[in-house]
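Throughout, numbering of the chain's residues begins at 1 and tracks the sequence.
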Amino acid sequence: MSDPRILTVRPEPGEYAWTFGGVPPVARIAPGTVLDLYTEDCFAGRVRSEKDLVSEVCEFPFLNPQTGPFHIEGAEPGDTVAVHFVSIEPARDWAASTTVPLFGALTSTHTTATLQPPLPETVWIWQLDLARRTALFRARESDIEAELPLDPMHGTVGVAPANLEVRSALVPDAHGGNMDTPEMRAGVTCYLGVNVEGALLSLGDGHARQGEGETCGVAVECAMHTTVIVELLKGVATPWPRLESDTHIISTGSARPLEDAFRISQLDLVRWLVRDYGFGELDAYQFATQAAESPLANVCDTNYTCVAKLRKEWLPPRETHRGLHAQLRETATLLRR
């Protein structure tokens, strides 16, 4: 096996993308390229203390800066881009979270309008101990402290949308984008359907950790050093983003209302079982009903995202996505040596 090409990208402050689509690529890469990336946090690094309120230091809609996009040579509509996460590591020893007025699952929003006043802006700075793999929560209204384990992930991974659309990096949809699922961690392969020539892959929005649902709308937001391997599956369609880990196959769906996001993820999982595992449609529907896990990804973004996942050990021994996850896992192991 020849050594893969490694491309290192460290964007300058003015070199991030704020949308999926409508942005020229920062580089053209061949399938099999390893990307060694720096990604900035969703606040573009501007929330650095408890005094830095988002409404004062950030300018909407310039949130969620993305590293990229990358033009993948040979990628055409009807193909699938595979992004294998070799490592995701916090680039700083601190991270930020906050409440944002008119944003989140437990407050009035622009679309769920009520007479109650918006929640106040409050910032929490989390101290990260990279050696001990912990994130320290310090309460703002009491002396409570608690250490939680680090679980680094990327909230935003995607390609350019179809039909000439340009979508904000805050929006999840069929192109990927701001899905905010904790499943997007190291060791996982993400499959994204190609909509335009070159796919135009970007990623960002690193989280040191996040609970399922991202209830207040903001995770433990952190700049990241991330290494991924990018591959291309010719002639394989992926209508909605899928993930594969060593233990699970995982479908996603993004929409409003929440039940439509749930339906999309469950339907995609059923169709995955039919296409790659030999199930009939109704058998797949029954099997998924009794075996699927359905964690929420986010219930606060422009679209909500739901996940449907199945344990591989319960599935027939069939190959999915041409066995690419196992191949990329092997390459990742070699890179870490």
Side-chain angles (χ1 to χ4, degrees), residues 4 6-13 16 34-52 64-67 83-98 122-157 180-190 203-216 218-229 243 245-248 295 297 325 328-337:
I6 300 176
L7 176 64
T8 299
V9 178
R10 301 287 185 268
E12 296 294 327
Y16 292 98
V34 176
L35 296 177
D36 171 21
L37 304 176
Y38 176 87
T39 66
E40 189 48 273
D41 67 34
C42 70
F43 309 116
R46 294 175 180 172
V47 178
R48 307 179 69 87
S49 75
E50 293 175 349
K51 297 179 180 179
D52 293 326
N64 244 17
Q66 302 299 299
T67 299
V83 183
H84 181 80
F85 288 87
V86 179
S87 63
I88 307 172
E89 289 297 321
R92 296 190 278 251
D93 62 2
W94 59 270
S97 192
T98 182
T122 304
V123 175
W124 292 262
I125 299 298
W126 291 65
Q127 297 302 316
L128 309 181
D129 188 324
L130 304 186
R132 296 177 57 243
R133 312 302 294 173
T134 59
L136 177 63
F137 167 75
R138 286 194 176 102
R140 293 293 306 273
E141 300 172 336
S142 70
D143 59 359
I144 293 173
E145 292 188 356
E147 279 191 329
L148 301 179
L150 282 182
D151 189 7
M153 52 161 283
H154 271 280
T156 307
V157 184
D180 284 321
T181 171
E183 305 290 346
M184 200 77 71
R185 55 172 64 92
V188 163
T189 303
C190 176
L203 66 157
D205 189 27
H207 299 170
R209 66 166 296 115
Q210 178 209 301
E212 292 172 357
E214 198 184 25
T215 308
C216 84
V218 185
V220 183
E221 308 285 343
C222 188
M224 291 291 179
H225 290 303
T226 294
T227 302
V228 298
I229 309 169
L243 294 84
S245 70
D246 293 345
T247 58
H248 288 79
H325 172 74
L328 294 175
R329 201 77 164 94
E330 181 179 350
T331 302
T333 300
L334 294 174
L335 287 172
R336 287 192 294 266
R337 288 180 180 172

(Q) One thing to verify: whether Glu40 and Arg46 come together as a salt bridge, which I'm taking to mean a side-chain N less than 4.0 angstrom from a carboxylate O. (A) no

**Q.** Side chain to side chain, Trp94 and Arg48, heavy atoms closer than 4.5 Å
**A.** yes

Q | Whether Arg140 side chain and Trp124 backbone form a donor-acceptor pair below 3.5 Å | A | no

**Q.** Gly204 backbone acceptor or donor facing His154 side chain under 3.5 Å
**A.** yes

Q) Given side chains that start at C-beta, do those of Cys222 and Val220 come closer than 4.5 Å, heavy atoms only? A) no

Q) When you measure from the side chain of Gln66 to the backbone N and O of Asn64, does any donor-acceptor pair fall under 3.5 Å? A) yes

**Q.** Arg92 side chain reached by Leu128 side chain, heavy atoms, under 4.5 Å
**A.** no

Q: Kindly say whether Ser87 contributes a backbone atom to a donor-acceptor pair with the side chain of Thr227 at under 3.5 angstrom?
A: no

Q.
Looking at Ser245 and His248, would you say the former's side chain and the latter's main chain have a donor-acceptor pair under 3.5 Å?
A. yes

Q) Side chains of Leu136 and Glu147: does their closest heavy-atom pair fall under 4.5 Å? A) yes

(Q) Using the salt bridge (charged side-chain N to carboxylate O under 4.0 Å, His left out) criterion, which residues pair with Glu141? Sequence neighbours excluded. (A) none

Q) Is the backbone of Pro149 close enough, under 3.5 Å, to the side chain of Arg209 for a donor and an acceptor to pair up by distance? A) yes

Q | pair Tyr38-Met224: side-chain heavy atoms closer than 4.5 Å | A | no

Q: Look at the side chain of Thr98 and the backbone N and O of Thr122, then say whether any donor-acceptor pair between them is shorter than 3.5 Å.
A: yes

Q) For the atom pair NE2 (His207) and CE (Met153), what is the distance rounded to the nearest 0.5 Å? A) 5.0 Å

Q) Do the side chains of Phe85 and Thr226 get nearer than 4.5 Å, heavy atoms only? A) yes

Q) Glu330 side chain to Leu328 main-chain N or O, any donor-acceptor pair under 3.5 Å? A) no

**Q.** Gln210 (side chain) donor-acceptor with Ala297 (main chain) under 3.5 angstrom
**A.** yes

**Q.** Sidechain-backbone polar pair: Glu214 side chain, Ala219 backbone, donor-acceptor under 3.5 Å
**A.** yes

(Q) What I want to find out is whether Arg133 reaches Asp151 closely enough, with some N-O distance under 4.0 Å, to be called a salt bridge. (A) no

